[in-house]
Each structure stands twice: as structure tokens, then as C-alpha cells.
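Input: a single structure, listed below in C-alpha cells.
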Amino acid sequence: MNNEFLEIKDLKKSFGTGEARQDVLRGMNFTVKKGEFCVLLGPSGSGKSTLLNIIGGIDTPDEGFVSINGDKLEEMNEKELTMYRRKHLGYVFQMYNLIPNLNVKENIEVGAYLSDNPLDVEEVLTTLGLQNHKYKYPNQLSGGQQQRVSIGRAVVKNPDILMCDEPTGALDYKTSKEILALIEDCNSKFGSTVIMVTHNEAIRNMADHVIKLRDGVVRHNDINTNKISAMDLEW
Amino acid sequence: MKNPLIRRIPKELRSDWHKYLVIIVFMVIMIGVISGMYVGHDSMLAAVYAGREELVLEDGSFELSRKASQDLLDDIASGKKADVRSYYIDKGNKEADKKVAAAIEEELNEQVTEKIEEAVRAQCAAYGITDEEMIQAQIDAAVESSFDQAIKEARESEEFKKAVDEAYEEAHEEVVKKVDEEWDEVADRYNLNDEINPVSVKIYEHFYREESEDNNGDGAEDATVRIYKSDSEIDKASFNEGRAPEADNEIAIDRMHADNVGVALGDSIVVGGKQFEVVGLLSYVNYLTLHESNTDLMFDAFGFDVAMVTPEAFNKLRSRVHYSYAYKYDDAPQSKVEQQDHSENFLKALITQSLVYDNEIEDYLPEYLRQASNFAVSDIEGDSAGASILCYILIGVIAFIFAITISNTIEKEASVIGTLRASGYSRSELVVHYMSMPVIVTIIGAVIGNVLGYTAFRDLACFLYYNSYSLPACHAVWSNTALIKTTIIPLLLMFFINLFVIVRKLQLSPLRFLRHDLIKTRRTKAMRLPRWSFLKRFRLRIFFQNIPNYLVLIFGVIFIELMMCFAFGLPDSLNHYAKAAPDMMFAEYQYMLMDSKDDDGNVIETSEKSAERFSMTNLMYPKKSSSFREGMGSGQDESVTVYGITESSNYVTLGKDTSIDALYISSAFSKKFGISAGDMITLHEEYENKTYEFNVLGVINYDGGIAAFLDADSFNTVFEKDKDDFSGYFSRNEITDIDDQYIATVITSEDIVKVTNQLMHSMGGFMGVFKYALIVLSASLIYLLAKIIIERNEHSISMAKILGFKNGEIGSLYIVPTAIVVVLFSVVSLVIGYYLMIWIFHVFMLQLDGYFAFYMKQSSMLLAVVYLLVGYAAVSLIDFARIKRIPLDVALKNIE
């Protein structure tokens, strides 16, 4: 297997036209190895969510390409992109986006359904500490519990890449740490490559690979050799 | 693994059960009623058609003045024309021979006697005998002794033989001459010189008697009853209740007549002065409607009855026997033209054979012209056309409501959809998911609707038919039409309307769903509002924000008003037609004669001053080209009554001169088919391959029927009639000096009213059911439409509550704009619905024979609006309760 699992090459993206044109990505280059915990850091407007969306195949670059395992996303048609997301990606958003009239277990099954080799739903429920809540509906859960379900829905697919867009953005300190620990767990336990977008500087300490973005370009591309556990993070 | 999204569906059904219940009830009623109509319709027709085979419906019947000999029946059955000319010659010859023989005998006797006398006198003279007495005595003795010998000798003489031959020859020549003189006239009248293809038939004895019926034991005659024997092999009856009579005091009578006059199984009635027990209520296959005479404009199920008794009881009755015979063709005709040919050929055989057997024909009627067996069938065949259009519109509206609801749901669930799409759910998986609810609900509605259609509603439809006609008992038959029209088409409509909306809605990229960026065109600037109070401006903003929803609401209100126009307008139109019908008559009396000449060949005249001759015939106008559908319900071509009007008529005024290829048409004809002056129309004979082309000169204001008008001369030329031929008289006063036997029908305003009354009676029950079903459907529809508006604004309403608005204020913000829209558009929609209904009615009329325009009373219009507003007022209360129930945390929670 190619060690450089994800390759981002000369990626450019802008929104709007004329005077209103805004270059969000201005030639971005980096690679991520398989199984890496990669954090994309940056302030608002630095282009990190756009980058994540392009990697996730739900947005397209104006120039450059994203290649996963040697396959260039730009060469895929819509159907192939859907299959790519279906087979390789797990998504976790800041807003949990759970289906309101499915219970916790069923919401996780929504992810399992898409995968050819899903993890055991019960096992995921146990890992996420949701066994006692599995028959509850999303509106009966706290924000942290809902985010656990959302992570469960993503990891149960056993994805190659787990994409996390500000997963702790709407959570308190304690819950945030718990959620990060869970993602860390998934990374180590299931071997998923994690790409996490955040503006929380503290999170860089738990990552293998930290990419700092500003104004649409990579400012720092560091490998963290002193990573610490999520539960030890402080901010 | 099954798609876990499937589990949402039952949950969704449960959580919003009242909405889906309303929709399902809505569909069940609609599909059930229409399926019931079609199933009832098809079952009834199936029963009627099956009955024609099983109960051996005749191909025609005739009545003779005397009982026919077996030889006569055999000859009629052969279908061959008798040689009437030879019959007359033979008959003449026989009579002539008798006369000639008698004359010869007399002459011979005289001559022989003379000769003997001569010989005796000569002998007496030779012997000198002069005494006359002696001579006479000798003569007598000689005659006595040698007369026979002399006669014998005379007969053997060549001279005698020659004379006899000459006498016979002369007499026979005279006979032929006389027959030839008279033959031409007879043959001309019945076209007896034409060659015919013999149509062989099987003849069945079908005698009947007509007796008086007293069904309440008061001694007065209540009806005329036509009685047949229970062992008849043709035109048999099916029993709706009870059985055939087995004892001499038992009788089975027509079910419809029994219903009308209140006779039940087990009752006693007096027929022909004898007491009978009613043991069966029947439907004769040849009396589906109780037409006493085939020329009756309308049947009479009160004053006329048909019945069955045992042959013994039949023989004991006292009134005269009608020697009626029914027949069936050995080779059944395959087309209408062939039917006509068969019957014409058979008639010639019948006329000639009965003539040569010295029997007289009292009546002849081929079955295809028999009103009593065809009236109901053609009426049923033409039924149920309009309802399916209404069904499709309704299903379309429901599909639209679904589409709007789903589109709201998609907006609400945008981020979930975005997440699912980002996670790898394909667009088609989501389309299938969102499509499943309307499809499942339609299937549930269609299944329950069809079950009811095959049971309760079918019974209702059959009951409505039974209410009108003497029909046989029917059993539900599988109806493909019902399946297609009430299940397949609604499902397809629901499927494609929703597919279109959902596919369009889900076209957006996952990212746009994640960003809730679902609006394709963005408003650049907020509209500036006048300096009104805050609440007013708020309300106005809500109004603008909900314009798409109001558009749907307005569409729904138009549809409701359309249904109201249908529910109120149809009975109004019928009543209006019934009221206006008498004024639509050309004349107070319209006498149709059997022939323009009486039995002696004299033209039938009247001394009535206001009487005016007219000619009339029926042609067909091809309907298919103007009707958008064919097959069941489209009927055949439209029957057009063509009138020949005398010059300077007092009853119909023709403008320009008509000619053999130019005529006027009635306003009903013009309106129904959109024909105007200058157009060309092609009419054709129903039973012959003959067409006529006419230029339309103008339109005559006559809404009473589909008619065309020529002047009498052109009429007679076009239809190859004699110059002075005519069909009857228009008259202001009753004509009393024409013998009844020459009058086929008299149409007075009472008859026209009778027709519309019968129409009201037949359709009345149906209309009542329909009216209430439509009102329920209207209320359900407005409930669903109003619910959409509140649902869409749930978030804002919750936010308004958090901000501190009271329920009353919120109600006034969200309900008042809707109320204003409903009130304003209730009137506008009535106008739109009214005009739409006029159009739909016109299309509906194209399916039927005849024409009357859509009419709606002003009070009905008012009621149509009031019903809607009352319905909306009730829905507003529910809406207000709904607003009160919206929790505050809807706007606060981060959950979807």
C-alpha cells in the first residue's frame, strides 16, 4: 500500500466573481499517510472546511487535485464520487445531523448499511458508551451524546478516512475531550485515517500530523512526534 | 442489511397519523366510490350480457292474429320468401276453375238435354205423335234413360275437350292479368320483388295475455300486467327474490314494478279477477325497462308490469291470447348493418309467408330496436364517464399536497440529507426514501378503496341502477377499468408528480444541503413596507414569505370550489333543464305518425287549424372525433334528429333557403360540438353505409335536442321520399281526428318533463352521495392545506413564543393572512371553478347523448362559498390549537 494515502496538489478554490471574488484555497499542497491522525488548524476563513469538503468529494476544486490511494477525485463522475464516499469516508459534523425519528441504534445502522464490512453496531454502541441510550431518540439526548451517535454513524462504516468538521465546536470542555478521545480510539482501534478540521489549537497535541492553514495556503506542515492523549489535553 | 431509513416510514405514519388518516380517508372515499361505480357498472353489464345468453334473449319477435300452423312456422323459420304472386295466381285459378267447371257443367247439361229432346221430337214426328204431353213424357223418359250415356259421350268428344281447355285457359289468363294489376302495388309497398338472402331462424312460441292488476285489493285496476308462461324457452327471467310459480295460484312479477307499487314476496294480488300469491320478483331479459309499447318515450314501471304464471294458470285466464312468437337467428348477425339486413330479410319472409298462410301480422320488432331490452343497457353503458376525471384531478391535488409536504420535509431535513449524501447515500436512495410515503399511502388508500369498491360501494352503485331499471341480480366481477382508473392511474399520478418534485428538490449538491442553501434564486433586497404598525408589517412579511404556500392554498381552494360547483351545479342543471324543457318544445304537441297514409292509401289529414306537417329522421354524427376518449362511456355516435320543415312554418323559422346540402342546426348541436354557420358536417345512417354532407347555414335557437333542419322538399329529396311525404304534425292544440292506430307517438311537454324526472330519479341518489362526499373531501383538503402553512412556520412560531408573543398574537400573525387569502379567493375561485365546471361539463356531455348546459343557481353559488368559509373557520380553530401546542424549544434545539 502506498504510504502516502492522501495527496493534495496545487489545490485552488474561489467563490464569487469580479470584485466579490474570494480566493479560499490558493494552491495547497500536502500529503497524509494512512492511519495518520491529521489536524487541519486555522482561523475562520482560512479555507479548512472548504478543503475538507473537497477531500470529502462534496465540493470540487477550481485547480489542482485530490488523490486518495492513487485515485484522483476529479476524474470521478458523480456516481463514482458517491461510491467513494460510501465505501471510504465517514463524516462527523459540528451539528450532529441525526435523523430525528430514528433511535440511537438505528441512526448508527444508517452508517452500517452503507458499508461492505461494517463494524458490529452493538460493539460500536458499547465503545461509544451509548448502550444505555440505544433506544432513545436524538431529542432525548444531550449534545455530547448526540455527537457520539454521529461519530458512531461515521465509524461503524469502518471507513478509510474519518472526516471531522469541528466535531467539538458545539460542545463544552469536558464533553469535547470525551469526543476527542473517542475519535482517537477509533483511529487507533480501527486504523482509520482521521482528518479533523478545528480552530482549537490545543487539539494539535493529540495529532500525528498538524497542518496549519492561513489565507488559503499551508503555513506549517508538521509531524508531531510528542503526541499526547486526548484526555490530557488542556485549553 | 435492510436500509435503516425504511424504519422511518412507519414512525412517520404514526407521528403524523392524523394527516395521513385524512389523506387516506380522502383517497379511500374517492377511490372507493369510483371503483364501486366501475365495478357496479361492469358487474351490472356483465350480468345483463350473461343474461342475454343464459336467459335466451330473442333476436326479434312478431305477433300473428291467429295461432300459426306448424307449416307456417316451418316456412317462416326457413327464412325464405313465399312466392306471393304464384299464391295469388293459384288462388285465383282455383276460384276461376271452380267457376269454369260449374259453367261447363251447366252448359253441358243444357246442351245434352237439348239434344235428347231434339232426337225424341224427331222420332215422335216420324211416328206422327203430336200430343205435346206424350212428347214431353217421351222426352223425360229418354233423358232419364240416356242422359248419363249422352253426357259421357259428349265429354269424350274432341269438340268438348277443346272447348273446356279454351275456357280454362281464358279464365286463367284473366286471373294472371288481374293479379299482375294488383301485384305491383303490393310488391312496391313491401319491396317484395327484391331478391333476399334467406335468414333462417328458430321460432319459439311466446304467447302472452294482458290482464288488469289490482295490487292493493281495492278492486280498482292499478296496472296492466303482461303475463307469460313459466315454461317459456325464450326471453326467460332471472329471479331477484323468490322463485318461479309452481302452483296455479302463484305468480312472479317484475321486481322494479313490485318495488314501486309496494308489493312484496308473499303478498296477494288480483290478476284478471283471480287471486295470486306473489312467489317471485323477477327480471325478464327482454324487459329491463317496463316499456309497454316500443313507441313509448319513457317506460312506466308503475302502470305496467310483466309477470309469469304456470301454463295451467295461463290457460285459465280469460283475456285474449296474443299469439306472439320470438325467434333467434341460426347465424347471429355480427354487426349493426348485418342486424338491419337480417331483420329486413326476415321481415319479408314473415310478411309473405303469413300472407300465403292467410294469417295476419299484428306486430313485428327486431330485438335491436326493442327499447325494453336496450334502453337500460345503453344508459348503463354511457354512465360513469365524468367521475374518473374528477378522480384524477383529486389525486393530482393530493399528489401535490404530498409533494409540498415532502418538499417542506426535505427543507427541514436539509442537513441530515447533506450528511447522508456526504456519507455516501446516493441521490436515488434518498429519492426512493422520500417517494415511499406517498406511494405507500396511495397503495393503502387504493387497497381499502378497492375493497370497499368491490363491496359496499358496488352495492350502492348497483342499488342506484336497481332504482331505475328491472335488472337481473348481479355479482361482483373483476373490473379492469376500475383497476386502471382507480389504482394504476392514481398510483402513476402520485408517483410521477412526487418524483418530479423530489428529484428536482434533491438535485442540489450535498454541500448546499449541509449549508441549508436550498433556494435557487436569491432575493437581493427585502421589500420596503409602508410605515404601518409593527404587527401589520410582521404579518405582511409572513404573507410574502409564504407566497408559494398560499399559491398552493389558492390552487386547493379553486379545486374545492370546482367540486362545490359540481356538487351543487349538477342537480341545479338537471332541475333547470326540467323547468325549461317545456319551453324548448317546437309545439305543444308533436304527433309522430306510423305512416303518412292510412290503410286505404289516403293521406292522413286533420282538421286542426294549428296543425302543421313535418318530416323527421334520425342520422348519426361521428362523436369520436370530438370526444377525447373512446370505448366505454363514450357511447356511439351522437344521434341527430333531422327535421323537414314546411315553408313559412309557424313553429320553426328557417332563414335562408335550405337545400339538399345545406341545413340549419339546433343551438344544442352547435354548443355541444362547437359547430357554427359555414361549417361542414357529415351525418350518416346508423344501420346503413350511407353518409350525407351538409353545409351549416345557421343555428336555430333550440336547446331541446341535437337536431338539424331542412325544408320539407329538400328533406324528401335527400332521403328519397315521395314528394308529399311527411312524418307527423306539430300542433298547438290536441288533434282528435286522427285514428290512434296511425299515431306512433305524441310528445307533449309532460313527456319531456317525464324524461328529466326519470333522469333526476336515476341520478338523484347518486348526486346526494356525491355531494356529501365532495363536502367531506373539501373540508379535508383545506385542513391539509392549512396544516402545511403552520408546519412550515413551526420554527418561527416557536421563536415568536420565545420572544414573548402571546398565542393570540401569533394566531393573528399566522392565521389572519391565511384567512384573508381564503376569503378573497373563495369568491375568485368560485368564478374560476364555475367556468372550469362549464368546460368540464361540456366535455362530460360529449360522452353522453343529448345536451344540456351547466347551470348553477345564485343561492347555490352563495352556499358554495359559505360551505368553504364554514369549513375554513373550523380548520382555523384547529390551526389555533396547533399553534398553541408548538413547544418553545423547537427554535432552541440543535437537533434536526
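Letters A, B, ... mirror the listed sequences (proteins, then strands); counts begin at 1.
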[X] side chain to [Y] backbone, donor-acceptor under 3.5 Å:
X	Y	answer
A:Arg153	A:Tyr96	yes
A:Lys12	A:Asp62	no
A:Asp172	A:Thr175	yes
B:Asn546	B:Ile542	yes
A:Arg85	A:Gly57	yes
A:Ser192	A:Val194	no
B:Ser798	B:Glu794	no

Can you measure from [atom1] ([X]) to [atom2] ([Y]) and round to the nearest 0.5 angstrom?
X	Y	atom1	atom2	result
B:Asn498	B:Ile404	CG	CD1	10.0 Å
B:Glu12	B:Leu5	CD	CG	11.5 Å
B:Met494	B:Leu499	CE	CG	13.0 Å
B:Arg8	A:Leu102	CZ	CG	6.0 Å

Heavy-atom contacts under 4.5 Å, [range] to chain B:
range	result
residues 87-94 of chain A	A:Leu89, A:Tyr91, A:Phe93
residues 106-119 of chain A	A:Glu106, A:Glu109, A:Val110, A:Ala112, A:Tyr113, A:Leu114
residues 14-28 of chain A	A:Phe15

- Which bit of A:Asn53 comes within less than 4.5 Å of chain B, counting heavy atoms only: side chain, backbone, both or neither?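 Looking at A:Asn53, just its side chain touches chain B.
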- Item | Partners meeting side chain to side chain contact (heavy atoms under 4.5 Å, CB included) with B:Leu13 (sequence neighbours left out) |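 Partners of B:Leu13 under the side chain to side chain contact (heavy atoms under 4.5 Å, CB included) test: B:Tyr20, B:Met437, B:Val441.
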- Which atoms of B:Leu514 come close to chain A, meaning under 4.5 Å heavy atom to heavy atom: side chain ones, backbone ones, both, or neither?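 Only the side chain of B:Leu514 comes within 4.5 Å of chain A.
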- chain A contact via B:Arg427 - side chain, backbone, both or neither, heavy atoms under 4.5 Å: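 The answer is the side chain of B:Arg427.
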- Message: Just checking B:His18: does its NE2 atom have more than 12 heavy atoms from other residues, nucleotides or ligands closer to it than 6.0 angstrom?
- Response: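 It does: B:His18 NE2 has more than 12 such atoms within range.
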- Between A:Phe65 and A:Lys72, is there a cation-pi geometry (under 6.0 Å to ring centre, at most 45° from the normal)? yes
